[in-house]
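Below, read A as the first sequence line, B as the second, and so on, with proteins coming before strands; counting in each chain starts at 1. Worth knowing before you read on, the calculation uses all heavy atoms, side chains too, and leaves out hydrogens, waters and symmetry mates. Here the structure is a predicted model, which is why all the values come from computation and not from measurement.
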Amino acid sequence: MVSLSKKLIKTLRRPAILIPQFYEPKAPALDLQEPFIPVSKLQETKLLEAQLVSILDSCISLTEIKRVHAHIIRKGLDQCSFLLTKLVRVLCKLNTPIDTYARLIFSQVYCPNPFLYTAIIRGYSVQGPLEKAVFLYGQMRRDDILPVSFTFTALLKACTGVLNVDLGRQIHGQSLKIGGFVQDLFVGNTLIDMYVKCGCLDFARRVFDELPTRDVISFTALIVAYAKSGDMVAASELFDRLPVKDMVAWTAMVTGFAQNAQPKEALEYFEKMQNSGVNTDEVTLSSVISACAQLGAIKYANWVRDFAEKSGFGLTDNVLVGSALIDMYSKCGSVEDAFKVFESMKDRNVFSYSSMIGGFAMHGCAREAIELFEKMMKVEVKPNKVTFVGVLAACSHAGLVEQGQHFFGMMENGCGIKPSVDHYTCMIDLLGRAGRLEEALELIQTMPIEPNGSIWGALLGACRIHRNPKVAEIAAKQLFQLEPDGIGNYVLLSHIYASAGRWEDVSRVRKLIRAKRLIKTPSLSMVEDENGGLHNFYSDDTIHPESKLIKQTLQDLLKRLKVHGYQPILSSAPYDVSDEEKERILLTHSEKLALAYSLLTTSANCVIRITKNLRICEDCHSVMSRASQLTSREIVVRDNLRFHHFRKGICSCGDFW
DNA sequence: ATAGGGTTAG
């Protein structure tokens with residue numbers, strides 16, 4: 001500000017020598033006494049303008065810009081809107097507050113053209129406040145200057161940024177009123193994006209349908225919107241209509257499937273994408289990696305990692321790919337590989353740390369998780385709310401109640417993060433797992449947030465571990481209201497009753513399930529063979545071509561285990577039937593079938609990795625544990641909650657899950 | 001100028 005001295009301002013007031021490119025009719029009349037500008041002089045000026053533009057583009061500091069501005073004034077180009085617009089844009093790019101310099105330049109121009117106006121509006125749109133951008137738009141209209149489409153895109157983008165859909169609609173109205181602009185592809189696409197980000201999918205669709213022509217960007221914006229709302233059918237329909245599919249559009253589909261728990265479709269689309277000859281970048285890869293994580297398919301995952309390395313998005317120098325890989329290896333059962341990735345990364349951000357901490361937590365490595373968290377604080381990577389979920393979960397799985405409470409207290413005081421319902425869920429889980437059910441219940445009643453399904457679910461889960469039907473009933477009552485269709489809750493309650501031998505209550509819950517026409521999620525276990533092929537096993541599976549052989553192998557195994565002291569844990573079959581029948585039911589559990597299949601088909605040094613969609617039962621846990629000792633095999637089971645590493649008869653969860 | 005971005009609990 002100070003540098004713009006009075007002298008400078010005086011210079012600014014001097015009438016322009018030449019006719020600027022975008023002079024409006026309202027420009028002051030030329031002084032006819034001025035000498036006629038010869039052609040050579042004009043050419044010279046054009047050349048100078050071009051030079052100045054390129055110099056402005058390379059400016060990286062305010063001082064440099066000011067120097068160029070002084071030069072512009074010296075050369076008598078201080079009314080050249082073209083140059084000044086460029087100047088304002090560069091100022092904006094360097095994040096110089098609009099009010100300090102750009103606004104002053106603007107006020108010195110006699111007849112600002114729409115581009116200069118728009119540059120200032122854009123500046124305010126980027127830096128805020130939005131009100132000033134809107135005010136300037138009003139001034140522009142009062143000055144009777146027609147906006148350009150870029151004026152609208154700038155304003156709309158600002159609305160999108162602060163999710164102000166009301167203002168967005170007004171601007172939409174303006175673009176209709178002035179005419180022609182809603183039909184502009186840029187404006188149309190920005191409108192779609194604004195409505196999408198503000199959650200007004202219907203409006204977005206209407207803009208899309210009313211556009212005279214649409215490009216791949218219009219399509220992609222809507223595809224993403226449908227994907228985010230969980231409607232992959234609508235997304236696919238649009239995608240099929242898209243004549244030319246580019247990398248971003250393909251990636252939107254891959255990401256959509258990955259985020260909607262359809263990892264197989266995600267991988268399918270990734271393969272189609274490559275067949276269509278489109279390139280792949282780190283965004284695509286991170287989604288593909290996330291799909292692998294969900295599948296627990298470590299062979300495919302390794303292939304994707306090699307692919308990433310080959311296409312120049314290696315884990316060492318790409319944070320996005322690296323962080324996704326950490327999560328993937330953790331979820332595929334190899335926390336060691338996850339840590340290798342973490343260590344080899346050049347840059348690590350909050351995602352990398354949070355994923356690694358969460359990975360340790362998932363595998364029951366509480367000490368490592370806490371150490372990494374402390375290291376993270378030391379290297380000044382700011383933890384976020386997800387980081388804390390990881391740390392608290394780690395404490396919870398290891399029974400470290402006091403440690404957990406310490407970190408929970410740290411959130412608000414040390415890190416300025418308000419504990420969310422997720423963090424309270426962790427605390428309920430922490431207390432509940434440790435058997436402090438009454439304390440957990442008390443926390444629910446006194447916490448400042450309305451308890452949701454997760455909160456009561458955590459308590460109900462703890463009641464299962466500690467076989468407490470009394471507290472379970474309190475939790476279940478709330479849960480059945482909050483999640484009336486959550487089949488898992490009913491099943492859990494019936495198991496708790498069963499383990500207490502309360503068969504009447506068990507059948508009461510079963511009746512409730514029938515009355516609500518809920519269907520039990522079928523138990524599904526998955527293993528990868530040595531060639532990367534995936535094999536699914538449902539409980540009591542007779543579909544698998546080798547099912548007879550598998551059953552025989554399982555029976556042989558159990559016979560051998562019994563010799564070494566294994567006793568079936570009959571309470572894991574929550575039915576009021578004879579002990580023989582219970583034992584028969586236990587034999588049908590999908591993870592046991594998967595184990596037998598792996599023992600049958602894989603070589604002795606190969607780690608057996610089983611992924612299960614439901615929680616592993618006590619009997620299967622005991623079988624896995626003993627089998628790991630008897631057969632000298634390493635067995636890794638991922639259930640819907642966490643990992644169990646069975647080595648030499650011992651599980652990483654410490655029989656506490 | 002406008003489209004795709006990873007880590008979360010029971």
Check your understanding: What integer distance in Å separates A/Asn189:CG from B/dA3:P?
Key -> 8 Å

Practice item. Using a 4.5 Å cut-off on heavy atoms from C-beta on, say whether the side chain of A/Met376 contacts that of A/Ile357. Key: yes

Practice item. Pick base, sugar-phosphate or nothing for A/Lys197, based on heavy-atom distances below 4.0 Å to the nucleic acid. Key: sugar-phosphate

Check your understanding: How many Å lie between NZ on A/Lys245 and C1' on B/dA3, as a whole number?
Key -> 16 Å

Practice item. Let me have a per-nucleotide readout for nucleotides 5-10 of chain B, 5' to 3', with B, S or -, counting only protein heavy atoms under 4.0 Å. Key: BBBBBB

Point to revise | 4.5 Å side-chain heavy-atom contact, A/Cys292 and A/Leu267 | key: yes

**Study point:** Value in whole Å for how far the C1' atom of B/dT2 lies from CG of A/Asp246
**Key:** 13 Å

Pair up each side-chain donor or acceptor in residues 338-345 of chain A with any protein partner under 3.5 Å, not counting sequence neighbours, and list the distances.
unit_1	atom_1	unit_2	atom_2	d
A/Ser344	OG	A/Lys340	O	3.2
A/Ser344	OG	A/Val341	O	3.0

Practice item. Scan residues 211-231 of chain A for pairs that pass salt bridge (Lys or Arg N to Asp or Glu O under 4.0 Å), counting only residues two or more places apart or in two chains. Key: none

**Study point:** Ring-face cation contact, A/Tyr269 with A/Lys272, 6.0 Å cut, 45° max
**Key:** yes

Practice item. Output yes when A/Glu618 and A/Arg467 qualify as a salt bridge under the 4.0 Å nitrogen-oxygen rule, no when they do not. Key: yes

**Study point:** Atom-to-atom span, CZ of A/Phe186 to C1' of B/dT2 - whole angstrom
**Key:** 6 Å

